[in-house]
2 protein chains.
Amino acid sequence: MQTTSIGALSSETGVKIPTIRYYESIGLLDAANRSASNRRLYGPDDTRRLRFIRHARELGFEVEAIRQLLALTGDQARPCADADAIATAHLADINHKIARLSALREEVARMIAEDCHGTISECRILEALAGPCDRHHTL
Amino acid sequence: MQTTSIGALSSETGVKIPTIRYYESIGLLDAANRSASNRRLYGPDDTRRLRFIRHARELGFEVEAIRQLLALTGDQARPCADADAIATAHLADINHKIARLSALREEVARMIAEDCHGTISECRILEALAGPCDRHHTL
DNA sequence: GCTTGCTCCTCTAGTCGCTAGAGGATGTAG
DNA sequence: CTACATCCTCTAGCGACTAGAGGAGCAAGC
(Lines give C-alpha, C1' and ligand atoms only; values in the text may rest on other atoms or scores of the structure.)
Protein backbone atom coordinates (compact mmCIF):
# COMPACT_ATOMS: atom_id res chain seq x y z
CA MET A 1 0.00 0.00 0.00
CA GLN A 2 3.01 2.34 0.34
CA THR A 3 4.18 3.33 -3.06
CA THR A 4 4.74 7.06 -2.95
CA SER A 5 8.27 8.45 -2.94
CA ILE A 6 9.26 11.42 -0.85
CA GLY A 7 9.45 13.54 -3.99
CA ALA A 8 5.90 12.60 -5.00
CA LEU A 9 4.65 13.23 -1.48
CA SER A 10 6.35 16.57 -1.59
CA SER A 11 4.65 17.67 -4.80
CA GLU A 12 1.30 16.26 -3.66
CA THR A 13 1.37 18.26 -0.47
CA GLY A 14 3.51 21.25 -1.33
CA VAL A 15 5.87 20.48 1.55
CA LYS A 16 9.53 20.51 0.61
CA ILE A 17 11.53 17.30 0.84
CA PRO A 18 13.93 18.46 3.54
CA THR A 19 10.96 19.69 5.53
CA ILE A 20 9.32 16.27 5.34
CA ARG A 21 12.50 14.68 6.62
CA TYR A 22 12.65 17.33 9.30
CA TYR A 23 9.09 16.55 10.38
CA GLU A 24 10.05 12.91 10.64
CA SER A 25 13.09 13.79 12.71
CA ILE A 26 11.05 15.75 15.24
CA GLY A 27 8.38 13.08 15.38
CA LEU A 28 5.55 14.95 13.67
CA LEU A 29 5.53 12.20 11.08
CA ASP A 30 6.21 8.58 11.91
CA ALA A 31 9.43 7.16 10.53
CA ALA A 32 8.52 6.05 7.03
CA ASN A 33 8.83 2.48 5.81
CA ARG A 34 11.77 2.00 3.50
CA SER A 35 12.24 0.33 0.14
CA ALA A 36 14.90 -2.29 -0.47
CA SER A 37 17.24 0.52 -1.41
CA ASN A 38 16.47 2.46 1.75
CA ARG A 39 14.16 5.04 0.24
CA ARG A 40 11.20 6.32 2.17
CA LEU A 41 7.82 5.02 1.04
CA TYR A 42 4.54 6.71 1.83
CA GLY A 43 0.87 5.88 1.52
CA PRO A 44 -2.38 7.89 1.45
CA ASP A 45 -2.50 8.24 5.23
CA ASP A 46 0.84 10.01 5.18
CA THR A 47 -0.43 12.40 2.52
CA ARG A 48 -3.45 13.25 4.65
CA ARG A 49 -1.42 13.70 7.78
CA LEU A 50 1.13 15.88 6.06
CA ARG A 51 -1.59 17.98 4.47
CA PHE A 52 -3.09 18.48 7.89
CA ILE A 53 0.27 19.57 9.23
CA ARG A 54 0.88 21.91 6.35
CA HIS A 55 -2.50 23.49 6.61
CA ALA A 56 -2.16 24.00 10.34
CA ARG A 57 1.30 25.53 9.85
CA GLU A 58 -0.05 27.90 7.23
CA LEU A 59 -2.67 28.92 9.73
CA GLY A 60 0.17 29.78 12.08
CA PHE A 61 -0.19 26.92 14.53
CA GLU A 62 3.11 26.09 16.12
CA VAL A 63 4.55 22.63 15.78
CA GLU A 64 3.81 21.93 19.43
CA ALA A 65 0.15 22.82 18.96
CA ILE A 66 -0.03 20.61 15.90
CA ARG A 67 1.51 17.80 17.86
CA GLN A 68 -1.28 18.20 20.40
CA LEU A 69 -3.97 18.33 17.73
CA LEU A 70 -2.58 15.19 16.12
CA ALA A 71 -2.52 13.47 19.49
CA LEU A 72 -6.18 14.34 19.93
CA THR A 73 -7.06 12.63 16.68
CA GLY A 74 -5.64 9.43 18.08
CA ASP A 75 -8.32 9.29 20.74
CA GLN A 76 -11.68 9.36 19.03
CA ALA A 77 -13.66 9.28 22.24
CA ARG A 78 -12.05 12.28 23.85
CA PRO A 79 -14.16 15.44 24.09
CA CYS A 80 -13.04 17.93 21.52
CA ALA A 81 -13.09 20.75 24.02
CA ASP A 82 -9.34 20.21 23.91
CA ALA A 83 -9.12 21.03 20.22
CA ASP A 84 -11.37 23.98 20.84
CA ALA A 85 -9.09 25.24 23.60
CA ILE A 86 -6.04 25.04 21.37
CA ALA A 87 -7.80 26.87 18.55
CA THR A 88 -9.21 29.50 20.89
CA ALA A 89 -5.82 30.21 22.40
CA HIS A 90 -4.49 30.51 18.90
CA LEU A 91 -7.24 32.95 17.95
CA ALA A 92 -6.41 35.16 20.91
CA ASP A 93 -2.80 35.14 19.83
CA ILE A 94 -3.76 36.14 16.29
CA ASN A 95 -5.87 39.00 17.56
CA HIS A 96 -3.00 40.18 19.68
CA LYS A 97 -0.61 40.11 16.73
CA ILE A 98 -3.05 42.03 14.54
CA ALA A 99 -3.51 44.68 17.20
CA ARG A 100 0.23 45.14 17.57
CA LEU A 101 0.80 45.30 13.83
CA SER A 102 -1.98 47.83 13.39
CA ALA A 103 -0.46 50.14 15.98
CA LEU A 104 2.85 49.67 14.25
CA ARG A 105 1.35 50.51 10.88
CA GLU A 106 0.04 53.78 12.26
CA GLU A 107 3.43 54.67 13.57
CA VAL A 108 5.37 53.80 10.45
CA ALA A 109 2.79 55.47 8.19
CA ARG A 110 2.97 58.64 10.26
CA MET A 111 6.74 58.51 10.07
CA ILE A 112 6.60 58.34 6.29
CA ALA A 113 3.92 61.01 5.96
CA GLU A 114 6.02 63.51 7.88
CA ASP A 115 8.84 62.94 5.50
CA CYS A 116 11.92 64.95 4.87
CA HIS A 117 12.98 67.89 2.80
CA GLY A 118 16.02 66.68 0.96
CA THR A 119 18.81 65.59 3.23
CA ILE A 120 19.37 63.05 5.93
CA SER A 121 19.97 65.69 8.52
CA GLU A 122 16.35 66.79 8.28
CA CYS A 123 14.85 63.36 7.89
CA ARG A 124 11.85 62.78 10.09
CA ILE A 125 12.08 59.05 9.74
CA LEU A 126 15.44 58.88 11.39
CA GLU A 127 14.31 61.33 14.03
CA ALA A 128 11.24 59.26 14.73
CA LEU A 129 13.36 56.19 15.23
CA ALA A 130 15.83 58.00 17.44
CA GLY A 131 13.05 58.59 19.94
CA PRO A 132 11.48 61.64 21.52
CA CYS A 133 14.43 62.95 23.50
CA ASP A 134 17.29 62.44 21.14
CA ARG A 135 16.78 64.57 18.11
CA HIS A 136 19.57 66.43 16.39
CA HIS A 137 22.34 64.23 17.69
CA THR A 138 24.63 61.86 15.91
CA LEU A 139 24.00 58.17 15.94
CA MET B 1 33.64 60.84 28.29
CA GLN B 2 32.94 57.11 28.39
CA THR B 3 31.89 56.16 31.84
CA THR B 4 28.86 53.98 31.48
CA SER B 5 29.08 50.24 32.14
CA ILE B 6 27.25 47.71 30.03
CA GLY B 7 24.83 47.10 32.88
CA ALA B 8 24.00 50.80 33.15
CA LEU B 9 23.60 51.06 29.39
CA SER B 10 21.31 48.08 29.54
CA SER B 11 19.01 49.62 32.12
CA GLU B 12 19.10 53.02 30.40
CA THR B 13 17.96 51.55 27.12
CA GLY B 14 16.01 48.46 28.12
CA VAL B 15 18.25 46.28 25.98
CA LYS B 16 19.56 43.19 27.75
CA ILE B 17 23.29 42.83 28.31
CA PRO B 18 23.79 39.75 26.12
CA THR B 19 21.84 41.50 23.40
CA ILE B 20 24.17 44.51 23.56
CA ARG B 21 27.16 42.22 23.21
CA TYR B 22 25.40 40.45 20.39
CA TYR B 23 24.82 43.75 18.60
CA GLU B 24 28.50 44.50 18.95
CA SER B 25 29.39 41.09 17.57
CA ILE B 26 27.30 41.61 14.45
CA GLY B 27 28.60 45.13 13.99
CA LEU B 28 25.42 47.04 14.76
CA LEU B 29 27.34 48.71 17.55
CA ASP B 30 31.01 49.61 17.28
CA ALA B 31 33.35 47.65 19.49
CA ALA B 32 33.26 49.49 22.80
CA ASN B 33 36.31 51.01 24.42
CA ARG B 34 37.54 49.03 27.38
CA SER B 35 38.55 49.89 30.92
CA ALA B 36 41.88 48.81 32.39
CA SER B 37 40.16 45.63 33.52
CA ASN B 38 38.74 44.97 30.08
CA ARG B 39 35.20 46.08 30.76
CA ARG B 40 33.19 47.81 28.10
CA LEU B 41 32.72 51.53 28.53
CA TYR B 42 29.99 53.53 26.84
CA GLY B 43 29.14 57.18 26.37
CA PRO B 44 25.99 59.13 25.48
CA ASP B 45 26.37 58.47 21.76
CA ASP B 46 26.17 54.76 22.38
CA THR B 47 23.03 55.24 24.42
CA ARG B 48 21.43 57.16 21.55
CA ARG B 49 22.49 54.68 18.95
CA LEU B 50 21.27 51.73 20.98
CA ARG B 51 17.95 53.44 21.66
CA PHE B 52 17.57 53.98 17.94
CA ILE B 53 18.25 50.32 17.33
CA ARG B 54 15.85 49.21 20.01
CA HIS B 55 13.09 51.43 18.79
CA ALA B 56 13.53 50.28 15.22
CA ARG B 57 13.53 46.64 16.33
CA GLU B 58 10.32 47.20 18.30
CA LEU B 59 8.83 48.62 15.13
CA GLY B 60 9.74 45.36 13.45
CA PHE B 61 12.62 46.56 11.29
CA GLU B 62 15.04 43.76 10.60
CA VAL B 63 18.63 44.11 11.65
CA GLU B 64 19.70 44.51 8.05
CA ALA B 65 17.28 47.40 7.53
CA ILE B 66 18.54 49.03 10.71
CA ARG B 67 22.07 48.64 9.49
CA GLN B 68 21.09 50.51 6.33
CA LEU B 69 19.31 53.22 8.27
CA LEU B 70 22.34 53.69 10.49
CA ALA B 71 24.58 53.87 7.44
CA LEU B 72 22.37 56.65 6.07
CA THR B 73 22.89 58.69 9.20
CA GLY B 74 26.59 58.69 8.51
CA ASP B 75 26.09 60.66 5.34
CA GLN B 76 24.30 63.86 6.24
CA ALA B 77 24.15 65.14 2.68
CA ARG B 78 22.47 62.11 1.19
CA PRO B 79 18.85 62.49 0.17
CA CYS B 80 16.63 60.76 2.62
CA ALA B 81 14.60 59.15 -0.11
CA ASP B 82 16.65 56.11 0.91
CA ALA B 83 15.28 56.13 4.42
CA ASP B 84 11.84 56.66 3.01
CA ALA B 85 12.24 53.67 0.70
CA ILE B 86 13.25 51.43 3.58
CA ALA B 87 10.33 52.57 5.70
CA THR B 88 7.88 52.27 2.83
CA ALA B 89 8.99 48.73 2.04
CA HIS B 90 8.57 47.92 5.69
CA LEU B 91 5.08 49.40 5.70
CA ALA B 92 4.09 47.26 2.73
CA ASP B 93 5.37 44.25 4.60
CA ILE B 94 3.34 45.15 7.66
CA ASN B 95 0.20 45.57 5.55
CA HIS B 96 0.80 42.21 3.99
CA LYS B 97 1.17 40.56 7.37
CA ILE B 98 -2.00 42.19 8.66
CA ALA B 99 -3.95 41.03 5.62
CA ARG B 100 -2.76 37.47 6.06
CA LEU B 101 -3.50 37.44 9.76
CA SER B 102 -6.97 38.84 9.18
CA ALA B 103 -7.82 36.11 6.71
CA LEU B 104 -6.44 33.65 9.21
CA ARG B 105 -8.56 35.07 11.98
CA GLU B 106 -11.68 34.56 9.89
CA GLU B 107 -10.77 31.00 9.24
CA VAL B 108 -9.91 30.11 12.82
CA ALA B 109 -12.97 31.92 14.15
CA ARG B 110 -15.19 30.04 11.74
CA MET B 111 -13.53 26.83 12.78
CA ILE B 112 -14.33 27.51 16.41
CA ALA B 113 -17.89 28.69 15.73
CA GLU B 114 -18.73 25.44 13.93
CA ASP B 115 -17.58 23.51 16.90
CA CYS B 116 -18.21 19.96 17.87
CA HIS B 117 -20.82 17.90 19.60
CA GLY B 118 -18.89 15.94 22.09
CA THR B 119 -16.20 13.76 20.62
CA ILE B 120 -13.15 14.13 18.49
CA SER B 121 -14.59 12.09 15.69
CA GLU B 122 -17.12 14.86 15.01
CA CYS B 123 -14.86 17.78 15.62
CA ARG B 124 -15.05 20.46 12.95
CA ILE B 125 -11.74 21.95 13.96
CA LEU B 126 -9.81 18.88 13.04
CA GLU B 127 -11.83 18.50 9.87
CA ALA B 128 -11.15 22.08 8.92
CA LEU B 129 -7.44 21.55 9.35
CA ALA B 130 -7.45 18.33 7.39
CA GLY B 131 -8.55 20.27 4.33
CA PRO B 132 -11.55 20.11 2.01
CA CYS B 133 -10.96 16.68 0.47
CA ASP B 134 -9.83 14.69 3.43
CA ARG B 135 -12.64 14.50 5.89
CA HIS B 136 -13.56 11.35 7.73
CA HIS B 137 -10.18 9.72 7.41
CA THR B 138 -7.56 8.94 9.96
CA LEU B 139 -4.58 11.17 10.36
C1' DG C 1 26.04 -2.66 -21.38
C1' DC C 2 26.94 2.07 -20.49
C1' DT C 3 26.42 6.67 -19.74
C1' DT C 4 23.65 10.52 -18.33
C1' DG C 5 20.98 12.75 -15.22
C1' DC C 6 17.56 12.65 -11.81
C1' DT C 7 16.18 11.34 -7.28
C1' DC C 8 17.26 9.78 -3.09
C1' DC C 9 20.21 9.01 1.21
C1' DT C 10 22.79 10.93 5.55
C1' DC C 11 25.19 14.37 7.81
C1' DT C 12 26.59 18.87 9.04
C1' DA C 13 26.11 23.65 9.23
C1' DG C 14 23.71 27.89 8.36
C1' DT C 15 19.64 31.12 8.94
C1' DC C 16 17.59 35.10 12.42
C1' DG C 17 17.71 37.40 16.65
C1' DC C 18 18.57 36.55 20.35
C1' DT C 19 18.97 33.77 25.20
C1' DA C 20 21.12 30.80 28.66
C1' DG C 21 24.78 28.76 30.87
C1' DA C 22 29.70 27.50 32.20
C1' DG C 23 33.70 28.99 34.23
C1' DG C 24 36.58 32.63 35.51
C1' DA C 25 38.16 37.59 36.60
C1' DT C 26 37.28 41.90 38.74
C1' DG C 27 34.88 45.55 41.53
C1' DT C 28 32.43 47.15 45.66
C1' DA C 29 30.38 47.20 50.36
C1' DG C 30 30.35 45.89 55.06
C1' DC D 1 38.62 39.94 54.41
C1' DT D 2 34.78 38.06 52.94
C1' DA D 3 30.66 38.23 50.31
C1' DC D 4 28.33 39.23 46.46
C1' DA D 5 27.49 41.73 42.26
C1' DT D 6 29.01 42.58 37.86
C1' DC D 7 31.66 41.77 34.23
C1' DC D 8 34.39 38.83 30.75
C1' DT D 9 34.61 35.00 26.89
C1' DC D 10 32.99 31.03 24.90
C1' DT D 11 29.73 27.62 23.56
C1' DA D 12 25.26 25.86 22.79
C1' DG D 13 20.34 26.26 22.37
C1' DC D 14 15.74 28.06 20.59
C1' DG D 15 12.06 27.35 16.35
C1' DA D 16 11.30 25.89 11.95
C1' DC D 17 13.35 25.16 8.71
C1' DT D 18 17.06 25.57 4.48
C1' DA D 19 21.31 24.59 2.00
C1' DG D 20 25.10 22.02 0.73
C1' DA D 21 28.55 18.11 0.64
C1' DG D 22 29.38 13.65 -0.75
C1' DG D 23 27.67 9.36 -2.13
C1' DA D 24 24.26 5.60 -3.75
C1' DG D 25 20.65 4.01 -6.71
C1' DC D 26 17.34 4.05 -10.61
C1' DA D 27 15.29 4.81 -15.24
C1' DA D 28 15.83 5.96 -20.01
C1' DG D 29 18.24 6.49 -24.28
C1' DC D 30 22.00 4.85 -27.28
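Any value given below was found using the heavy atoms of this structure, including those in side chains, with hydrogens, waters and symmetry copies removed. To find a chain, count down the sequence lines: A is the first, B the second, and so on, and within it residues start at 1.
- For residues 18-36 of chain A, proximity to DNA chain D is found at A:Thr19, A:Tyr22, A:Tyr23, defined as any non-hydrogen atom under 4.0 angstrom from a strand atom.
- In this structure the side chain of B:Ser102 reaches within 4.5 angstrom of the side chain of B:Ile98, judged on heavy atoms.
- In this structure, B:Leu50 atom CG and C:dG17 atom P are separated by 16 Å, rounded to whole Å.
- Residues that satisfy the side chain to side chain contact (heavy atoms under 4.5 Å, CB included) test with B:Asn33, not counting sequence neighbours, are B:Gln2.
- Residues forming a side chain to side chain contact (heavy atoms under 4.5 Å, CB included) with B:Tyr22 (at least two apart in sequence, or on another chain): B:Ser25, B:Ile26.
- Annotation: side-chain hydrogen bond (donor to acceptor under 3.5 Å, both in side chains) contacts of A:Gln68 (sequence neighbours excluded): none.
- Between its opening and closing five pairs, the helix from C:dG1-D:dC30 to C:dG30-D:dC1 changes axis direction by 10°, a value rounded to 10 degrees.
- Applying the salt bridge (Lys or Arg N to Asp or Glu O under 4.0 Å) test to A:Arg67 and every residue at least two apart in sequence or in another chain returns A:Glu64.
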Every protein N/O within reach of nucleotides 3-7 of chain C N/O, cut-off under 3.5 Å:
{"residue": "C:dT7", "atom": "O2", "partner": "A:Arg39", "partner atom": "NH2", "Å": "3.1"}

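- The salt bridge (Lys or Arg N to Asp or Glu O under 4.0 Å) check on B:Arg39 picks up nothing, with sequence neighbours excluded.
- Look at B:Lys16 and you won't find any side-chain N or O under 4.0 angstrom from OP1 or OP2 of C:dC18.
- Using a 4.0 Å cutoff to heavy atoms of chain B, the contacted part of DNA chain D runs 5' to 3' from D:dT6 to D:dT9.
- Across all strands shown, A:Glu64 has no heavy atoms under 4.0 Å from either base or sugar-phosphate atoms.
- Counting heavy atoms from C-beta on, the side chains of B:Tyr42 and B:Thr47 never come closer than 4.5 Å.
- Salt-bridge check for A:Arg49 with A:Asp46: failed, with every basic side-chain N at 4.0 Å or more from each acidic carboxylate O.
- Within the model, atoms CZ of B:Arg40 and OG1 of B:Thr4 stand 14.5 Å from one another, a figure rounded to the nearest 0.5 Å.
- The side chain to side chain contact (heavy atoms under 4.5 Å, CB included) test applied to B:Thr88 returns A:Ile112, B:Asp84, not counting sequence neighbours.
- In this view, B:Glu58 and B:Arg54 satisfy the salt bridge (Lys or Arg N to Asp or Glu O under 4.0 Å) rule, not counting sequence neighbours.
- Across the protein-nucleic acid pair, B:Asn38 atom CG and C:dG24 atom C1' stand 13 Å apart, rounded to whole Å.
- Applying the side chain to side chain contact (heavy atoms under 4.5 Å, CB included) test to A:Asn95 and every residue at least two apart in sequence or in another chain returns A:Leu91, B:Arg105.
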Item to complete: Please lay out, stage by stage, how B:Ser10 and B:Val15 fare under the test side chain to side chain contact (heavy atoms under 4.5 Å, CB included).
Response: CA-CA 5 Å; B:Ser10 170; B:Val15 179; 5.7 Å; no
